[in-house]
Amino acid sequence: MDFNQVFMSKVKKVIVVFTLLIAFLSIKNDTFAQADTVTSLPVDTAVAATHEPGAVVNHAEAHEEKEKGFDITSFIFHHISDSHFFTLFGHGEHGVHLHLPIILWTNTGLVTFSSAAFNYNDDGTHVVEKGGQRFVMAHNKIYYANATANEHGAFVSHEVKDGAEVVTNARPLDFSITKNVFSMLLSVVLLVLIFGTIASSYRKRNGKSPKGLQSFLEPIILFVRDDIARPNLGHKYGAFMPYLLSVFFFIWLNNVLGLVPFFPGGANVTGNIALTIVLAVCTYLITTFKGNKHYWKHIFWMPGVPVPMKIFLAPLELIGTLTKPIALAIRLFANITAGHILVMSLLCLIFIFNSLWIAPASIFFAVFIGLIEFLVAFIQAFIFTTLSALFIGMAVEEHH
């Protein structure tokens with residue numbers, strides 16, 4: 001039995017133990033809940049008898065609200081979604097936050113202010129008046145506020161589309177610096193400083209062995225060159241190395257920063273489909289504009305194939321050029337987002353079962369998956385870069 005089989009066997013055993021532990025705690029919680037109900041029944045009856053009927057109804061509603069349980073979906077998506085401020089520690093008004101700038105292009109021109117003006121409100125009930133305009137934030141998006149509030153106190157209008165409520169208010173053009181934007185800019189600055197320092201070291205130490213940061217990153221740079229670029233691009237790899245290195249280190253750095261739970265980390269940058277689409281479009285544009293005659297001839301007029309079949313296959317081949325970047329974007333987005341959701345779900349088990357007995361197992365598996373996520377951060381950067389090199393290599397390959 002090799003190492004991989006032994007490792008997978010141990011992982012399966014751990015998963016089985018964890019599943020049995022959850023089942024045991026679930027049964028235990030149900031048993032205690034039934035015992036508590038029976039014990040407290042006379043007390044509730046006595047309380048109900050000494051209160052007005054309206055008070056009994058309110059008590060029942062409060063009890064029902066309490067028993068509704070922990071909203072795991074809202075909690076998880078709140079933590080993986082973008083935001084207009086970083087939480088350094090604490091929560092809400094009692095915490096310490098780094099508020100980011102709001103930059104809006106409105107009907108009357110440019111309006112800027114701090115996100116602190118919204119006072120952590122995200123349901124459209126708090127109006128901010130700036131530059132002669134009224135703004136509200138709902139579902140982490142900024143809208144023009146209505147003149148009056150609705151029955152829920154919100155200054156936004158809703159309509160139901162596809163079974164979900166959608167805000168119908170007009171929006172200004174939003175160029176705000178959010179957590180994701182801040183993290184992207186930070187990663188760009190870090191990469192420029194790091195590789196500027198390394199380039200300077202190569203110039204100063206020409207012909208000498210690397211040292212310091214140069215010695216740490218040189219094996220990774222050579223890995224991208226020898227294991228990603230050369231096998232897929234052949235002798236033309238040099239022209240595309242700047243792009244491949246930029247993509248690899250940009251994705252890897254943002255993946256790692258997304259796993260750091262405190263400032264300046266914590267932003268789910270590569271788990272944002274907009275970013276992964278932009279990266280995939282960059283690969284698509286390079287593939288399209290660098291593609292040679294042989295590449296386009298293979299797509300639109302495949303050699304050695306009967307003419308009717310060429311006409312039939314040409315649209316399919318053209319669609320294939322579009323599905324490749326789509327697969328790139330979705331793969332990176334889905335894998336990073338799934339990892340964050342899994343870690344948060346494991347932590348939420350404590351609140352779902354409402355028991356401290358589950359805490360050790362929940363935290364252990366969350367840490368275990370979190371450590372695996374550091375490996376996944378590198379793997380996803382490697383996969384995106386490798387597939388980009390493969391697609392570009394197919395486009396620039398010379399006809400033999």
Side-chain angles (χ1 to χ4, degrees), residues 76-87 98 100 140-141 174 176-195 217 220-221 223-224 228 242-287 323-347 366-367 369-392:
I76 291 175
F77 279 94
H78 170 74
H79 281 80
I80 67 172
S81 62
D82 203 1
S83 177
H84 289 276
F85 60 88
F86 281 92
T87 299
L98 174 62
L100 300 171
N140 206 35
K141 296 179 180 178
D174 193 349
S176 302
I177 305 298
T178 63
K179 284 175 62 175
N180 285 347
V181 175
F182 179 88
S183 295
M184 282 189 285
L185 295 176
L186 176 64
S187 63
V188 169
V189 171
L190 288 176
L191 289 176
V192 169
L193 291 176
I194 290 172
F195 284 97
L217 288 179
I220 305 175
I221 296 172
F223 168 77
V224 174
I228 297 179
Y243 174 70
L244 296 178
L245 285 173
S246 299
V247 167
F248 177 84
F249 283 101
F250 179 79
I251 294 175
W252 188 23
L253 179 58
N254 280 290
N255 285 350
V256 173
L257 283 176
L259 298 174
V260 178
F262 49 82
F263 180 82
N268 187 24
V269 178
T270 45
N272 187 315
I273 189 66
L275 172 75
T276 60
I277 286 176
V278 170
L279 293 177
V281 167
C282 291
T283 298
Y284 175 75
L285 292 176
I286 294 174
T287 303
T323 58
K324 292 172 184 175
I326 292 174
L328 273 179
I330 294 177
R331 179 183 288 105
L332 178 58
F333 157 74
N335 280 281
I336 298 302
T337 301
H340 291 322
I341 291 176
L342 180 57
V343 172
M344 296 303 300
S345 299
L346 289 170
L347 291 175
V367 172
I369 297 298
L371 293 175
I372 293 179
E373 281 295 295
F374 278 97
L375 177 61
V376 172
F378 176 85
I379 292 175
Q380 289 305 315
F382 168 74
I383 291 175
F384 191 98
T385 309
T386 300
L387 291 178
S388 295
L390 176 63
F391 298 153
I392 296 171

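This chain uses plain numbering: 1 for the first residue, then up along the sequence.
- Annotation: Lys324, atom NZ; neighbour count of heavy atoms from other residues, nucleotides and ligands within 6.0 Å is above 12.
- Qualifying side chain to side chain donor-acceptor pair (under 3.5 Å) partners for Thr178, counting only residues two or more places apart in sequence or in other chains: Asp82.
- In terms of heavy atoms, Gln380 sits closest to Ile336 at CG-CD1, 4.1 Å.
- The distance from the CG atom of Leu332 to the CD1 atom of Ile277 is 11.0 Å, given to the nearest 0.5 Å.
- Atoms CD1 and OG1, from Ile251 and Thr276 in turn, are 9.0 Å apart once rounded to the nearest 0.5 Å.
- With sequence neighbours excluded, the residues that form a side chain to side chain donor-acceptor pair (under 3.5 Å) with Tyr243 are Thr283.
- Taking the six-membered ring wherever Trp is involved, the centroid distance between the rings of Phe195 and Phe249 falls below 6.0 Å.
- Contact between Lys179 and Leu100 at its shortest, heavy atoms only, is N-CD1, 3.5 Å.
- Partners of Asp174 according to the side chain to side chain donor-acceptor pair (under 3.5 Å) rule, which considers only residues two or more places apart in sequence or in another chain, are Ser176.
- The ring-ring contact (aromatic ring centres under 6.0 Å, His included) search around Tyr284 returns none, not counting sequence neighbours.
- Within the model, atoms CG of Asn268 and OG of Ser183 stand 10.0 Å from one another, a figure rounded to the nearest 0.5 Å.
- Between Leu387 and Arg331 the shortest heavy-atom distance is CD1-NH1, 3.1 Å.
- Contact between Phe250 and Val188 at its shortest, heavy atoms only, is CE1-CG2, 4.1 Å.
- Looking at every heavy atom in both residues, Leu186 comes nearest to Pro264 through CD2-CB, 3.6 Å.
- In this view, Phe85 and His97, His99, Tyr120 satisfy the ring-ring contact (aromatic ring centres under 6.0 Å, His included) rule, not counting sequence neighbours.
- Here Thr337 pairs with nothing under the side chain to side chain donor-acceptor pair (under 3.5 Å) rule; sequence neighbours left out.
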